[in-house]
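Report on the structure given below.
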Amino acid sequence: MDVRVRYAPSPTGLQHIGGVRTALFNYFFAKASGGKFILRVEDTDRERYSDESLEDLYSTLEWLGIKWDEGPVVGGPYGPYIQSERFDIYKKYAEQLVAEGKAYYCYCSPERLERVRKEQAESKSEYQGYDRHCANLTEAERAEYEAQGIKPVIRFRVPTEGKTTFHDILMGDITRRNRDISPDPILLKSDGFPTYHLANVVDDHLMHITHIMRAQEWIPSGPLHVLLYQAFGWDVPQYCHLPMVMGKDGQKLSKRHGSTAVRDFREKGYLPEAIMNYVTLVGWSLDGSTEFFSKEDLEKCFTLQGIHKAPAVFDYKKLDWFNGQYIRACDNDRLSSLITPYLQKAGYVHDPLTEDEKKLVSLIVPPVKERMKVLSDVVPLTAFLFEDKPVEDKSVYIAKGSDEESTHKALKAGSEILLSGLKGGEEEASIEEKLSALAGELGIKVNGVFQPIRVAITNSTVSLPLFDSIRLLGLDEAEKRLMRGLSLFEEN
Ligand code: GLU
Ligand code: ZN
């Protein structure tokens with residue numbers, strides 16, 4: 001059997017971690033089994049639809065390097081792949097079920113349905129939902145409604161007896177009594193719009209989808225979908241509902257835990273390969289130990305067997321770690337072009353870069369590469385090069401375990417060692433040794449010497465390694481800043 005799977009998002013919001021994980025699992029499963037990955041846009045909910053969401057869908061997949069074999073833009077033999085362009089198809093299939101007695105027209109007004117709902121709630125009736133008022137209308141009754149100009153919806157006739165079972169690759173058999181399935185759901189609305197259930201089932205069939213991999217929250221729709229496949233006389237695709245993505249506290253991942261929109265991660269400076277690698281490991285593993293996978297690896301080795309049954313935890317720290325690893329592995333030229341937009345946005349460099357700025361950026365890359373967790377870290381790490389905001393609060397210069405007097409001495413003697421050493425072409429290691437020795441003489445920790453020097457030069461306690469910072473800044477400017485820092489301690 002040729003595997004055909006789909007990612008079928010509704011463009012009603014930004015692509016989030018959970019959705020992208022579904023896309024990746026489908027994509028890698030398709031690639032690894034020599035099958036096809038189809039993108040289908042389920043945009044039948046026009047109230048929640050937005051152009052921005054649709055653009056975000058395309059740009060997110062493009063950023064990740066996920067190409068679909070069939071779908072919008074690229075087309076394919078079973079298109080169109082955008083549901084709002086397929087309304088005729090849904091209408092035809094809904095009417096087919098009506099003709100076969102498996103669905104029926106319902107003329108109930110919203111007011112009537114609301115009244116029924118209220119009565120059920122008040123009488124605490126066991127029976128909830130549509131009361132099947134129109135399930136057996138006579139031709140005369142129908143004609144009467146039509147004459148009144150009422151536009152009907154089409155409802156699916158859910159059997160009241162028996163059970164429906166569907167098999168899930170991960171969860172096994174899931175069975176539900178038919179009478180527990182919400183009675184007679186709408187397939188086609190009065191304005192001709194299909195509901196999710198109809199469009200989803202019709203399209204999965206017409207697009208020859210073999211495996212449906214989607215979030216577990218769709219499990220409750222499973223039995224109804226199976227009944228629809230049976231009503232049409234179609235084979236039921238294989239189901240594989242994916243475990244939920246949780247935050248560390250065991251609650252469904254949401255904004256409370258941090259960013260969930262992939263666009264936010266992208267803006268902060270996560271690399272696509274880090275997101276792809278880590279998100280694929282949220283609920284999947286190859287052998288329980290391998291952590292690094294390139295896209296090409298996963299296109300070969302992804303299997304359904306590796307999907308975990310238990311809910312998966314999304315760990316922001318672990319993602320940061322992956323991102324740091326990928327930044328370190330990044331080629332310097334690529335990293336230059338990746339950090340440039342952040343420097344431009346901060347107003348540090350021009351867009352496009354001048355020739356001098358190009359050189360500076362390429363000099364910045366090697367030291368920042370070692371320190372960034374996310375690309376946007378380049379801004380605080382290099383701020384001292386582009387804007388001079390001296391620290392005027394003495395306490396920032398004073399390291400833990402040191403005091404004002406020792407800091408003053410450390411800065412004074414330390415600056416001398418540093419400047420004369422660098423001017424005299426002394427080895428960095430030897431200068432460093434002398435600075436450490438100075439700490440010993442003053443009876444403070446090494447950082448008691450380095451911290452005030454670093455704060456004076458870089459205006460910050462977190463920045464690049466000292467000698468790199470001086471090199472990037474220039475010795476004259478470094479000297480000026482050291483003297484300025486020292487003067488802070490020498491006032492009165
Ligand atoms: N449009 C649905 C969603 O947004 C698709 C569910 C499915 O894959 O069947 O999640
Ligand atoms: Zn009705």
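Quick caveat: nothing in here was measured; it's all calculated off a predicted structure.
Comment: Glu70 does not engage Lys36 in a salt bridge, judged by the lack of any side-chain N to carboxylate O separation of less than 4.0 angstrom. Looking at Lys300 and Asp297, no side-chain N of the basic residue comes within less than 4.0 Å of a carboxylate O on the acidic one, giving no salt bridge. Look at Glu477 and Arg481 and you find a salt bridge, because one of the NZ, NE, NH1 or NH2 atoms lies within 4.0 Å of a carboxylate O, short of that distance. Salt-bridge formation is not detected for the pair Asp320/Lys317: no Lys NZ or Arg NE/NH1/NH2 atom is positioned less than 4.0 Å from an Asp or Glu carboxylate oxygen. Salt bridge Lys255/Asp264: absent, no basic N to carboxylate O contact under 4.0 Å. By the 4.0 Å N-to-carboxylate-O rule, Arg86 lies too far from Asp43 to be salt-bridged with it. Ionic pairing of Asp377 and Arg371 is not present here: no N-O contact between side-chain nitrogen and carboxylate oxygen is shorter than 4.0 angstrom. For Asp331 and Arg334, the salt-bridge test fails: no basic side-chain N is under 4.0 Å from an acidic carboxylate O. Ion pairing between Glu267 and Lys345 fails under the 4.0 Å rule for side-chain N and carboxylate O.
Ring geometry, His225 versus Tyr196: the interplanar angle falls from 30° to 60°, so the pair is classed tilted. A tilted orientation is assigned to the rings of Tyr278 and Phe322, their planes being inclined by 30° to 60°.
For Asn459 (side chain) and Phe384 (main-chain N/O), no donor-acceptor pair under 3.5 Å exists by modelled atom type. The main-chain N or O of Asp56 is found under 3.5 Å from a side-chain atom of Thr60 such that the two form a donor-acceptor pair. Distance alone, capped at 3.5 Å, is enough to place a donor-acceptor pair between the Asn323 side chain and the Gly269 backbone. Proximity of a side-chain donor or acceptor of Arg454 to a complementary backbone N or O of Ser469 within less than 3.5 Å is not detected. Under a 3.5 Å cut-off, the side chain of Lys295 and the backbone N or O of Met276 do not form any donor-acceptor pair. Side chain of Asp69 to main chain of Phe37: a donor-acceptor pair is present (N/O by atom type, distance under 3.5 Å, no hydrogens or angles). Checked by atom type and distance alone, the side chain of Thr22 pairs as donor or acceptor with a backbone atom of Gly18 at under 3.5 Å. Using modelled atom types, no side-chain atom of Asp315 and backbone atom of Lys248 make a donor-acceptor pair closer than 3.5 Å.
Taking the six-membered ring for Trp and the full ring otherwise, His205 and Phe232 have centroids separated by 6.0 Å or more. A distance of 6.0 Å or more separates the ring centres of Phe265 and Trp63.
No more than 12 heavy atoms of other residues, nucleotides or ligands shown are found within 6.0 angstrom of CG on Asp2. Counted within 6.0 Å of CG on Asp235, heavy atoms from surrounding residues, nucleotides or ligands total 12 or fewer; the atom is thus considered open. Atom NZ of Lys445 has 12 or fewer heavy atoms from other residues, nucleotides or ligands within 6.0 Å. More than 12 heavy atoms of other residues, nucleotides or ligands sit less than 6.0 Å from atom NE2 of His208.
Scanning all heavy atoms of the two residues, the minimum distance from Phe166 to Pro223 falls at CE2-CD, 3.6 Å. Scanning both residues, Asn26 and Val5, for their nearest heavy atoms gives O-CG2, 3.2 Å. Annotation for Lys67 and Tyr27: closest pair O-CE1, 3.5 Å, computed over non-hydrogen atoms. Of all heavy-atom pairs spanning Arg176 and Asp180, the tightest one is NH2-O, 3.2 Å. The nearest pair of heavy atoms linking Gly485 to Ala456 is CA-CB, 4.4 Å. Between Val226 and Thr165, the shortest heavy-atom distance links the atoms CG1-O, 4.1 Å.
A side-chain N or O of Lys369 and one of Asn332 form a donor-acceptor pair less than 3.5 Å apart. Side-chain contact annotation: Glu357 with Tyr348, donor-acceptor N/O pair under 3.5 Å absent.
Remark: Tyr239 engages no residue in a side-chain hydrogen bond (donor to acceptor under 3.5 Å, both in side chains) (not counting sequence neighbours).
Counting only heavy atoms from C-beta outward, the side chains of Trp68 and Leu61 approach each other to under 4.5 Å. Two residues are said to be in side-chain contact when any heavy atoms from C-beta on lie closer than 4.5 Å; Arg6 and Met207 fail this criterion. Side-chain contact between Met213 and Leu304: present, with at least one pair of heavy atoms (C-beta onward) separated by less than 4.5 Å. Within the 4.5 Å cutoff, the side chain of Ser254 has no heavy atoms near those of the Lys252 side chain.
Applying ring pair (Phe, Tyr, Trp, His ring centres under 6.0 Å) to Tyr326 and the options Phe292, Tyr270, Trp321 leaves one that passes, Phe292.
Geometric assessment of Arg21 against the ring of Phe25 yields a positive cation-pi assignment under the 6.0 Å and 45° thresholds.
To the nearest 0.5 Å, atom CD1 of residue Ile169 and atom NZ of residue Lys309 are 11.5 Å apart.
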